[in-house]
Novice: 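Take a look at the following structure, please.
Below, all heavy atoms of this structure are taken into account, side chains as well, without hydrogens, waters or symmetry copies. Residue numbers begin at 1 in each chain, while the letters A, B, ... track the order of the sequences. Predicted, not measured: the structure shown is a model, and the values here were computed from it.
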2 protein chains.
Amino acid sequence: MLSQATMSQPRGAVRPFATVPPQPASLNSLFGGQPIETFEPGTAVFWEGDDARHVFEVVEGVLRVFRILSDGRRIITGFIYPGDLLGVSLKDQYLYTAEAVTRTKLRRYEHGRFQDEINRSPELRPQLFACLCDEMAAAQDQMVLLARKSAEERVASFLLVIARRLGDDARQPVIEIPMTRLDMADYLGLTIETVSRTMTRLTNCGVIAPSSRHAMVVRKLGKLAALAGEIDADDKSAAGVGAVQQAVWPQ
Amino acid sequence: MLSQATMSQPRGAVRPFATVPPQPASLNSLFGGQPIETFEPGTAVFWEGDDARHVFEVVEGVLRVFRILSDGRRIITGFIYPGDLLGVSLKDQYLYTAEAVTRTKLRRYEHGRFQDEINRSPELRPQLFACLCDEMAAAQDQMVLLARKSAEERVASFLLVIARRLGDDARQPVIEIPMTRLDMADYLGLTIETVSRTMTRLTNCGVIAPSSRHAMVVRKLGKLAALAGEIDADDKSAAGVGAVQQAVWPQ
DNA sequence: GCGAAGTTGTGACGGTTTGTAACAGCCGCG
DNA sequence: CGCGGCTGTTACAAACCGTCACAACTTCGC
């Protein structure tokens, strides 16, 4: 789960995160000669505990990466998008399950050979390290979200990251949300009901507008960023949503 | 935050520079020649947003690594122990603040030179890579904890990790908890009250026994593991300490 | 020895979120 | 066209945890 187009979100108001598009002579070119494999929605690429024999590059589609507790609780630790790498780890076994959310096309690379290539190339190495650091930053953002953010902030943060992945030029971007509510809930540490309720509130106050079942328009990107907990709470232009606003910022 | 497998400190071992070319065998030996700096409890090594000029090796003591939301909420993303590396990142700025919990001794290495050494040495690279993977695995564990575990499971998981860090397979290990309840709360995504109450419950049902203010004995390691959510829930020997056990100890 | 400040433990109360429903919308199928 | 199956939405009661308050305790300084 190496997010090149990382899910990292800027922290603090001041630091926009300039994500670098995949370089042509880059990690991805390693996979150029490999055949493309297709995975239908819901099918697993590998399971937690499988021997980690391959590294994958996502060519097309979206995957979810998750772990499951013994009693069935599922935690999605990330979503993987085209251009990302999957399964990069020095462990003998995969630490998580990877499943296709949409129909997904992958290229496969044998694990040992991948490491050899990395070791050999002084150009690829920094790229891989940068990927790892990006992924680490994303993981820390997620820890912040899960540890201290409210349901509304979590959903807003999630939508914001997706909106920014597209390239934030559009002030009212149309964003695709290929995953189900259950996926979102298991990623954000909430239940589907809470996700649903929160999205309804965001719709009611005009921040977002549903476009189709798995797409929407972000009407107020700034307000979304405010709700995500990125801006100072006393910023008056960043008021909360509906009844919750009173409870959260009682001024 | 880079937990290395080895906690060895070759303090007195001075490398005979006349015989061996500068190709250190382990990451820690890189820092061997650097002077030791001391940080008193509560003092910061660096702040989030500082230019990332150095990499540190922890020689002695414990640090907390955290981020703070704009309204003051603090999230501790990890604790750093002797033998760990601190500040390894390819970012220009530190992504978090690092503060001494106890009196801490560090060695400092200039960031650019650290990268050069890593790039040059085919021995160090896999070590650093393994460290990053370990850190990534820990981050995922933490995401699981924060997203889906109950207060009791979180505290139990935390104590379990500390108990296992000691490595001695003593069945009733004495564990040191140098951090305050507030640190634990901000690490586990709870409040100090909840942490306090949960530890009291664990004490009441004999899983742990307080030894001093910042130390305790783990009396039932297996039960602690069960409470941490690692074992199957229908394992009868691993009953909860909540309502069920309150019936057994009705004071 | 004494008081102040910080840390920790305990209780009562309330709020956010969850769990359990029932219901509505979308889709493929016969 | 009507039918289940699935996903998503809404409502209500319950649970867990957070908030507030206060007491006990330690640590430090004087």
Novice: Between B/Met216 and B/Leu159, is the side chain to side chain contact (heavy atoms under 4.5 Å, CB included) condition met? List the steps.
Specialist: CA-CA 10 Å; B/Met216 59 178 43; B/Leu159 297 177; 4.1 Å; yes
Novice: Applying a 4.0 Å non-hydrogen cut-off, can you work out what A/Thr180 is touching in the nucleic acid: base, sugar-phosphate, or nothing?
Specialist: sugar-phosphate
Novice: Closest approach to the side chain of A/Thr200, judged atom by atom: which nucleotide of D/dG18, C/dG19, D/dT9 is it?
Specialist: D/dT9
Novice: Could you state the atom-to-atom distance from CE of A/Met179 to C1' of D/dG8 in whole Å?
Specialist: 16 Å
Novice: In whole angstroms, how far is the C1' atom of D/dC17 from the CD atom of B/Glu153?
Specialist: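 Distance check: B/Glu153 CD to D/dC17 C1' gives 14 Å.
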Novice: Counting only heavy atoms not in A/Arg73, do more than 12 fall under 6.0 Å of its CZ?
Specialist: yes
Novice: So which nucleotide from D/dG8, C/dT17, D/dC17 ends up closest to the side chain of A/Ser150?
Specialist: C/dT17
Novice: Answer yes when A/Lys149 and A/Asp141 have at least one side-chain N-carboxylate O distance shorter than 4.0 Å, and no when they do not.
Specialist: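 No, A/Lys149 and A/Asp141 are not salt-bridged.
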Novice: Heavy atoms, side chains only, cut-off 4.5 Å: are A/Val155 and A/Leu227 in contact?
Specialist: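 Result no, sub-4.5 Å side-chain heavy-atom pair not found.
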Novice: Using a heavy-atom cut-off of under 4.0 Å over every strand shown, decide if A/Thr191 touches base, sugar-phosphate, or nothing.
Specialist: sugar-phosphate
Novice: How many whole angstroms separate atom CE of A/Met216 from atom C1' of D/dG8?
Specialist: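 From A/Met216 CE to D/dG8 C1': 12 Å.
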Novice: Between C/dG9, D/dT10, D/dG18, spot the one nearest the side chain of B/Thr194, thanks.
Specialist: D/dG18
Novice: Just the rounded figure in Å: distance from P of D/dT9 to CG of A/Asn204.
Specialist: 11 Å
Novice: How long is the line joining CG of B/Asp183 and P of C/dG6, in whole Å?
Specialist: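 The distance from CG of B/Asp183 to P of C/dG6 comes to 16 Å, rounded to the nearest Å.
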Novice: Starting at atom CZ of B/Arg213, determine the distance to atom C1' of D/dA24, rounded to an integer number of angstrom.
Specialist: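 Going from B/Arg213 (CZ) to D/dA24 (C1'), I get 9 Å.
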Novice: Can you measure B/Leu182 atom CG to C/dG9 atom C1' for me and round it to whole angstrom units?
Specialist: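 Computing the B/Leu182:CG to C/dG9:C1' distance gives 15 Å.
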Novice: If you check the A/Glu193 side chain, which of C/dT10, D/dA11, D/dG18 turns out closest?
Specialist: D/dA11
Novice: If you go through the side-chain atoms of A/Arg197, does one of them form a donor-acceptor pair with the base of D/dG8 closer than 3.5 Å?
Specialist: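 Donor-acceptor pair under 3.5 Å: no.
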Novice: Between D/dT9 atom P and A/Arg201 atom CZ, what is the distance in whole Å?
Specialist: 13 Å
Novice: What's A/Ile192 touching, base or sugar-phosphate or nothing? Going by heavy atoms closer than 4.0 Å.
Specialist: nothing
Novice: What nucleotide, of D/dC17, D/dG8, C/dG9, holds the atom closest to the side chain of B/Arg181?
Specialist: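 The nucleotide sitting nearest to the side chain is C/dG9.
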Novice: Between A/Leu106 and A/Thr104, does a side chain to side chain contact (heavy atoms under 4.5 Å, CB included) hold up when you go through it step by step?
Specialist: CA-CA 7 Å; A/Leu106 301 175; A/Thr104 300; 3.7 Å; yes
Novice: With a non-hydrogen cut-off below 4.0 angstrom, is A/Gly189 in contact with a base, only sugar-phosphate, or nothing?
Specialist: sugar-phosphate
